[in-house]
Amino acid sequence: MFPLTSKELTNLKKNDFELLQKLDDNGCFAGVNESFAEFKSRLILEKRELDKFDKKITSGEATEIIDDIKVVKDDLIPLEIINEAGETTQKFYDFRIDYLPGFFLNKDIGLLWGGCSIYDEKSGQRIFLIRKNFKNSHNWFIYDRNELLSHELCHGARQILNDRKLEEFFAYQTSKSALRRYIGNCFISEADALLFVLPPILLLLAQLSQIYIFPNLSIVPFWAFTIGMIIFFFLRNHLARKIFFNASAKIEKFKIEKSSAFLFRCTSSEMAEIAKLNSREEFLLWVNNKAKNELRFQIISRKWKLNE
């Protein structure tokens, strides 16, 4: 069930911080520079679309969600499974989502595909999908069902910030694997996977050409391109992680509880600003200045009791 009823959303006021915090607790964040009116309108629209979607699914009708992908009521992920992932997101980032429709996808998309989140900017509707193999099993291949659902719920909450630089970082921190926690943010766009595999493919083609067609062809540029691309991905990941950990060290120094949850609601540029602050007083002033013009920080300030 959506955190607020339709009536509560319609009557929501800018100073209803108890209800605004309830929305935050349930993964409904205000976007960057989003006004209260815009935030309220977006959630009213999302609630309306969710209600229509739920009614359609409950009727037993097959519903197309994207690119010829259809889901039915029997594919719905049970609430008890979603709540398991909710405990993880609560622990890491102080939010829990149990109202968004999630489905086991019966259509095969690819061998390594585990799941994804879908966000419709026009309707505000958020849906997530995971592989059908998880319907009766906690594990499949290298994936853990709870880890995968927690990952997608993180996207469901945070993607409204449109902060691609650290989006995957936060989602992958819920992983039990130290390796996935570290390298997860290496690929932050759809083009990254292609960029990562293209150099080795070109290198292989160059080596075959050298053997069978052009014996004088130099392989060095292709090796340089391959190594350079690997360095690029890991360096970009390192620098992005550094932004988070520098900011986290500062707000922990300033005695701010739940540092990861706080930063989960910030953009990477805001984290870079936090990392430059030298005292708790400077931090509180920074938050107060942000809260003057931005609903997101007004809610954060109240939730973390930084305005007292």
Relative to the ring of Tyr172, is the ring of His151 parallel (under 30°), tilted (30 to 60°) or perpendicular (over 60°)? perpendicular
Arg48: partners by salt bridge (Lys or Arg N to Asp or Glu O under 4.0 Å), with sequence neighbours left out: none
Give a yes or no on this: more than 12 heavy atoms of other residues, nucleotides or ligands lie within 6.0 Å of atom CG of Asn83. yes
Are there more than 12 heavy atoms of other residues, nucleotides or ligands under 6.0 Å from atom NZ of Lys290? yes
Ring center gap for Phe254 and Phe262 short of 6.0 angstrom: no
Name all residues meeting the salt bridge (Lys or Arg N to Asp or Glu O under 4.0 Å) criterion together with Lys47; count only those two or more places apart in sequence or in a different chain, and write none if there are none. Asp51
Under the rule for ring-ring contact (aromatic ring centres under 6.0 Å, His included), what residues qualify as partners of Phe222, not counting sequence neighbours? none
Contact between Arg280 and Ile256 at the side-chain level, heavy atoms closer than 4.5 Å - yes or no? yes
Which word best sums up how the rings of Trp286 and Phe283 line up, parallel for under 30°, tilted for 30 to 60°, or perpendicular for over 60°? parallel
Check whether Asn146 reaches the backbone of Ala85 with its side chain - one donor and one acceptor, N or O, closer than 3.5 Å. yes
Would you call the rings of Phe264 and Phe95 parallel, tilted or perpendicular, where under 30° means parallel and over 60° means perpendicular? parallel
Within the supplied structure, the quantity of interest is the number of heavy atoms (other residues, nucleotides, ligands) at a distance under 6.0 Å from Glu80 CD; does it exceed 12? yes
Work out which heavy atom in Asp98 is nearest to a heavy atom in Ile82; give both atom names and the distance. CA-CG2, 4.1 Å
Lys/Arg-Asp/Glu bridge criterion (N-O < 4.0 Å) met for Arg164, Glu167: no
Residues Lys176 and Glu147 bridged, charged N to O under 4.0 Å: no
